[in-house]
Amino acid sequence: MRVYHFEESGAEFNDTDVDVSYMREAIKLAQKAFDADEVPIGAIVVSQGKIIGKGYNLTERLHDVTAHAEMQAFTAASNFVGGKYLKDCTLYVTVEPCVMCAGASYWTQISRIVYGASDEKRGSSKYGKLYHPKTEIVSGVLAEECGDLIKSFFRNKR
């Protein structure tokens with residue numbers, strides 16, 4: 001997905017605008033998970049302005065605790081590039097990755113991870129430096145929107 005900016009003001013389209021645009025795509029996938037009664041987390045992998053991998057939680061449908069959104073997106077992106085490394089790629093995910101997904105991202109050597117809502121209970125940041133040393137982490141992109149979706153899901157479960 002290419003993002004174009006057509007305002008006449010001459011303003012440049014910056015990284016924050018791009019991150020917001022891609023996070024909106026991840027939120028659409030989280031909504032699919034919500035609609036399927038899965039924990040609503042969505043993820044995409046982007047390379048050179050193109051979405052090369054998508055995923056949302058499928059743990060209930062697949063009866064697989066490893067079927068997190070990030071894992072689905074990593075697998076799709078790796079299949080697209082024909083290899084296990086995702087250098088020069090960005091993962092957009094609606095909620096902070098867990099320890100398992102952070103570990104998987106380490107092995108992919110992904111360049112950037114952009115996430116929306118923090119996960120104070122199970123988020124990887126609680127456990128120290130789990131990401132590859134060259135991976136840039138950006139947090140809080142559309143955090144409120146991402147957090148509202150997951151809070152709504154669990155509120156409906158109670």
Check your understanding: Is there a path from Ile27 to Val138 through hydrophobic residues (I, L, V, M, F, W, Y) whose side chains come within less than 4.5 Å of each other?
Key -> yes
Revision key, fill the gap. Separation between CG (Asn156) and CZ (Phe34), nearest 0.5 Å, reads 5.0 Å
Check your understanding: How many angstroms lie between NZ in Lys50 and SG in Cys89, if you round to the nearest 0.5 Å?
Key -> 12.0 Å
Check your understanding: Excluding sequence neighbours, so at least two apart, what forms side chain to side chain donor-acceptor pair (under 3.5 Å) with Ser78?
Key -> none
Point to revise | Nearest-0.5 Å distance, CG of residue Leu91 to CD1 of residue Ile113 | key: 5.5 Å
**Study point:** For Thr66, all residues meeting side chain to side chain donor-acceptor pair (under 3.5 Å), sequence neighbours excluded
**Key:** Asp64
Review point. Which residues pass the side-chain contact (heavy atoms from CB on, under 4.5 Å) test with Lys32, sequence neighbours left out?
Key: Leu29, Tyr56
**Study point:** Lys84: partners by salt bridge (charged side-chain N to carboxylate O under 4.0 Å, His left out), with sequence neighbours left out
**Key:** none
Practice item. With sequence neighbours left out, write down each residue that passes ring pair (Phe, Tyr, Trp, His ring centres under 6.0 Å) with Tyr106, or none if nothing qualifies. Key: His132
Exercise for review: Return the set of residues passing ring pair (Phe, Tyr, Trp, His ring centres under 6.0 Å) with Tyr92 (not counting sequence neighbours), or none when no residue passes.
Suggested key: Tyr22
**Study point:** Shortest non-hydrogen contact from Thr94 toward Met23
**Key:** CA-SD, 4.0 Å
**Study point:** Those residues that, when tested against Ser139, pass side-chain contact (heavy atoms from CB on, under 4.5 Å) (two or more places apart)
**Key:** Tyr115
**Study point:** Test side-chain contact (heavy atoms from CB on, under 4.5 Å) applied to Leu86 and Val81, step by step
**Key:** CA-CA 8 Å; Leu86 299 175; Val81 300; 4.1 Å; yes
Review point. Shared ILVMFWY cluster between Leu58 and Phe153, side chains joined below 4.5 angstrom?
Key: no
Review point. Ala143 and Ala117: which non-hydrogen atoms are nearest, and at how many Å?
Key: O-CB, 3.8 Å
Taking only distance into account, with no hydrogens and no angle test, what donor-acceptor pairs under 3.5 Å do side-chain atoms of residues 67-77 form with protein atoms, sequence neighbours excluded?
residue	atom	partner	partner atom	Å
His68	NE2	Val65	O	3.2
Thr75	OG1	Met71	O	3.0

Check your understanding: Do the side chains of Val46 and Val18 join up, straight or via other hydrophobic residues, at under 4.5 Å, putting them in one cluster?
Key -> yes
Review point. Apart from Val99 itself, which Ile, Leu, Val, Met, Phe, Trp or Tyr residues share its cluster (side-chain heavy atoms under 4.5 Å, direct or through members)?
Key: Tyr127, Leu130
Exercise for review: Considering non-hydrogen atoms only, spot the tightest contact between Leu142 and Val20 and give its length.
Suggested key: CD1-O, 3.8 Å
Review point. What about Leu149 and Val141, same hydrophobic cluster or not, with Ile/Leu/Val/Met/Phe/Trp/Tyr joined at side-chain heavy-atom distances under 4.5 Å?
Key: no
Practice item. Can you sort out the partners of Asp35 under side chain to side chain donor-acceptor pair (under 3.5 Å), two or more places apart, ordered by chain and number? Key: Gln31
Check your understanding: Side chains of Phe80 and Ser47: closer than 4.5 Å at any heavy-atom pair?
Key -> no
Review point. Any sub-3.5 Å donor-acceptor pair from Thr135's side-chain atoms to Ile110's backbone N or O?
Key: yes
Revision key, fill the gap. Note: Gly42 and Ala30 closest approach over all heavy atoms is N-CB, 3.5 Å
Practice item. Any chance you could measure Glu96, atom CD, to Ile41, atom CD1, to the nearest 0.5 Å? Key: 10.5 Å
Study note, to complete from the structure: Between Ile44 and Lys54 the two heavy atoms that sit nearest each other are CG2-CG, 4.0 Å
Practice item. Locate the shortest heavy-atom distance separating Ala33 from Pro40; write the atom from each residue and the value. Key: CB-CA, 3.8 Å
Exercise for review: Hey, could you give me the CG/CG distance between Leu62 and Asn57, rounded to the nearest 0.5 Å?
Suggested key: 10.5 Å
Exercise for review: Using the salt bridge (charged side-chain N to carboxylate O under 4.0 Å, His left out) rule, collect all pairs that involve residues 132-155, keeping only residues at least two apart or in two chains.
Suggested key: Arg24-Glu145, Arg112-Glu136
**Study point:** CA sep, side-chain torsions, deciding dist, call: Gln48, Asp88, side-chain contact (heavy atoms from CB on, under 4.5 Å)
**Key:** CA-CA 8 Å; Gln48 299 176 11; Asp88 301 320; 6.0 Å; no
Point to revise | Check: Ser105 main-chain N/O paired with Thr108 side-chain donor or acceptor under 3.5 Å | key: yes
Point to revise | Contacts of Lys87 that satisfy side chain to side chain donor-acceptor pair (under 3.5 Å) - sequence neighbours left out | key: Gln109
